[in-house]
Each structure stands twice: as C-alpha cells, then as structure tokens.
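The next block holds one structure in the form of structure tokens; read it before the comments.
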Amino acid sequence: MPNGENGTQSPPPSGGQWYPPEWPDRIRALADGALTPVDPKRAATVMLLRDTPDGPAVHMLRRRASMAFAGGAYAYPGGGVDPRDEDHRIGWAGPALADWAERLGTDPRTAQAIVCGAVRETFEEAGVLLAGETPDTVVDDTTADDWEADRAALVARELSFAEFLDRRGLLLRSDLLGAWARWITPAFEPRRYDTWFFVAALPEGQRTRNASTEADRTVWIRPSDAARGYDKGELLMMPPTISTLRSLEPYESAAEALTGAVAQDLTPVLAQAALEDGEVVLSWPGHDEFTKRVRLGRPGGASA
C-alpha cells in the first residue's frame, strides 16, 4: 500500500489492526470543519499468488519497523499510479481498455494508467513482470543486471513504464490480472489514495525477491495462515489487507482465484467517522470487524 502520514505507531487495539494514535484528533478536526479533506491519488496493488500442495500462497512484504506509517505492517506490492501511463500508447494484450474502464469504473485512459501501475509496481517491488513479447508469452527471468538497471530507473521515475515496454519490445499482459477490490483512504488522512487491488498468478520461470526499499522481509503465506496470524495479533495489517486476505481463503488455486475475480465487488470502501457521546466511531461499510470506538480525551490525546 502507498505511504500515508507521519506518526508514531500504537499497539494494535484488536488483533493485528494498525491504528494510528493521531486519528481521533484528526477525526474531531474534520467533524469541526477545521480539516479540509485532500483529494485521493490513484494507486494499485497486486496480490501475487502461487500454488502449493496446501493451496495458493500470497506474496506479502513487511514494511520496515522504522517507517512512521504502518511500520511493521504486512502488505502487498503496490504504489501510486504514474500519470505518464495515461497518454502513451502501450503494447497491450488481454481485455480491451474499454472493458477495463467499465470494470474499474473509470475512463479508458485512467484504466490504462491503473493497470500499468499494478504491473509496474509488482516489477518494482517484487521483481515479477506480467509482460511478454507476444499475447500468449511471458518473460521468464528478470534477475539479470540489465533488467535490474531498468527496474531501478522505473523506481527513480527516470523511465516511464510505457518507455520500458517499448524499449524491451514487450506487451503488457492485462489478461494475467483480475480486479479484486477498491479501497479509499479515509477523508481525515493527510495523504489519501484511491487504491485498486488486483490478483495475479506468479508466471512460470519467474521468482519473487525483496526489491522494495520500504520492506525488511517478504513471505509467501497462505491467506488463512496470514489471517490467523492477524487474529492472534502476531501479524500487523491495515483493514484493506486483512479484508482482501480473508476474501482469498475460499479459493483452492491461483487459477481459481483469477476466475473468481470477475465476480468481486469493486464498490469503493471508504471509512466513515462519527463523534458519538464523547467517542470517535470509525467504521468501514460492509466490514464490521474493523469498527472501532475510541473515547476522546482532551485535544492532542485520546483514551481508549
């Protein structure tokens, strides 16, 4: 997930849910009209799956504990959408942009940028590239020095993803992605993201690696095991992460999950905040497990 505001990390109040201690004051400021919401930026993240004898496992990274926002939390490869990916004609395989636009609830140019963002971020943070020279092939290894040089240039934004594909003579394999969910950062956050979640299977011949400067480790873990770790308070996660993990549990293979993506609801999930009897009530519609009630103290601090 993209970075958010700076702040200190507080112990998870329930299971492994990350809850910033500055939220109550920001929610109160929003309710009082002292805080103006910022417009969310577009982002994309990918739940990369591979099959194991015990069912599919998902690739997750753990954010460095030193990071101010969600330090130590587990997430998927992802990040902000590059506006440059809207205009350039991309080498494309899979569903037409008009179909992607309808599925994502956007216009075709925006849909192209979002899908490009999902594929680019997976390459940048996991070293996995969903692209090939033809509509039915995928590159088989991206670990050589020349690939790493291109990956670093993408991270530094010295190279756009469209330019990267052109240079390599590659087509983006949009058919290897399935749109899964959409979450929007709450209105009281200073940095907000409108994030589309995708699912994809690890291409044959490729392997993941920790290529992100924001992560101190990566794991392949079954969604049910990750969810169990969250419930025990052992794995720290934000609501969109644990919610999408739980939604993966019924699937018995990566291919089955990809097929199931077409039925996933992409209605945006946006947290709702209210002040009730001296408490902040924070809820995510349709996701009751994340509802939190925090008793307000004086401004600058809250008591649970």
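Small disclaimer: the values here were computed from a predicted structure and weren't measured.
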Checking [X] now: which residues fulfil side-chain hydrogen bond (donor to acceptor under 3.5 Å, both in side chains) with it, not counting sequence neighbours?
X	result
R84	D82
Q206	none
R222	D225
T137	T134

Reported CD1-to-OH distance for the pair I221 and Y74, which is rounded to 0.5 angstrom: 7.5 Å
Between atom CG of L97 and atom OG of S174, what is the distance when rounded to the nearest 0.5 Å? 7.5 Å
Residues forming a side-chain contact (heavy atoms from CB on, under 4.5 Å) with [X], sequence neighbours excluded:
X	value
P83	none
L35	R26, A29, L30, F188
S247	W180, T244
D265	T267

Is the shortest heavy-atom distance from the side chain of P40 to the side chain of Y193 under 4.5 Å? no
Pair [X] + [Y], salt bridge at N-O below 4.0 Å:
X	Y	value
R293	E276	yes
R246	D231	yes
R192	E189	no
R62	D216	yes
R28	D25	yes

Take V119 and L129 through the test side-chain contact (heavy atoms from CB on, under 4.5 Å) and record every step on the way to the result. CA-CA 7 Å; V119 176; L129 183 59; 4.2 Å; yes
Can you give me the closest heavy-atom contact between [X] and [Y], atom names plus distance?
X	Y	value
A162	D85	N-OD1, 3.7 Å
I184	P268	CD1-CB, 3.7 Å
A257	L49	CB-CD1, 3.7 Å
P285	L270	CD-O, 3.2 Å

Please indicate whether E249 has more than 12 foreign heavy atoms, meaning atoms of other residues, nucleotides or ligands, lying under 6.0 Å from its CD. yes
More than 12 heavy atoms of other residues, nucleotides or ligands under 6.0 Å from CD of E204: is that the case? no
Same cluster (ILVMFWY, side-chain, under 4.5 Å), L235 and F290: yes
Tell me whether V139 is reachable from L171 by hopping between hydrophobic residues (I, L, V, M, F, W, Y) whose side-chain heavy atoms are closer than 4.5 Å. no
May I have the step-by-step check of side chain to side chain donor-acceptor pair (under 3.5 Å) for D288 and T291, ending in yes or no? CA-CA 6 Å; D288 292 343; T291 299; 4.8 Å; no
Using the side-chain contact (heavy atoms from CB on, under 4.5 Å) rule, take Y230 and L236 through it: C-alpha gap first, then chi angles, then the decisive distance, then the call. CA-CA 6 Å; Y230 168 89; L236 195 65; over 6 Å; no
Donor-acceptor contacts under 3.5 Å from residues 52-61 side chains, at least two apart:
| unit_1 | atom_1 | unit_2 | atom_2 | d |
| --- | --- | --- | --- | --- |
| T52 | OG1 | D54 | N | 3.2 |
| T52 | OG1 | G55 | N | 3.3 |
| T52 | OG1 | G55 | O | 2.4 |

Determine whether the aromatic ring centres of residues F123 and F164 are separated by less than 6.0 angstrom. yes
The ring-ring contact (aromatic ring centres under 6.0 Å, His included) partners of H287 (sequence neighbours excluded) come to W183
Fellow cluster residues of V38, listed by chain then number, with links counted only when side-chain atoms sit under 4.5 Å apart: none
Within residues 154-181 or reaching into it, pairs that qualify as salt bridge (charged side-chain N to carboxylate O under 4.0 Å, His left out) - sequence neighbours excluded: E121-R157, E124-R157, D146-R168, D150-R167, D150-R168, R173-D175
Show your reasoning for whether side-chain contact (heavy atoms from CB on, under 4.5 Å) applies to Y76 and V46. CA-CA 6 Å; Y76 315 113; V46 176; 6.0 Å; no
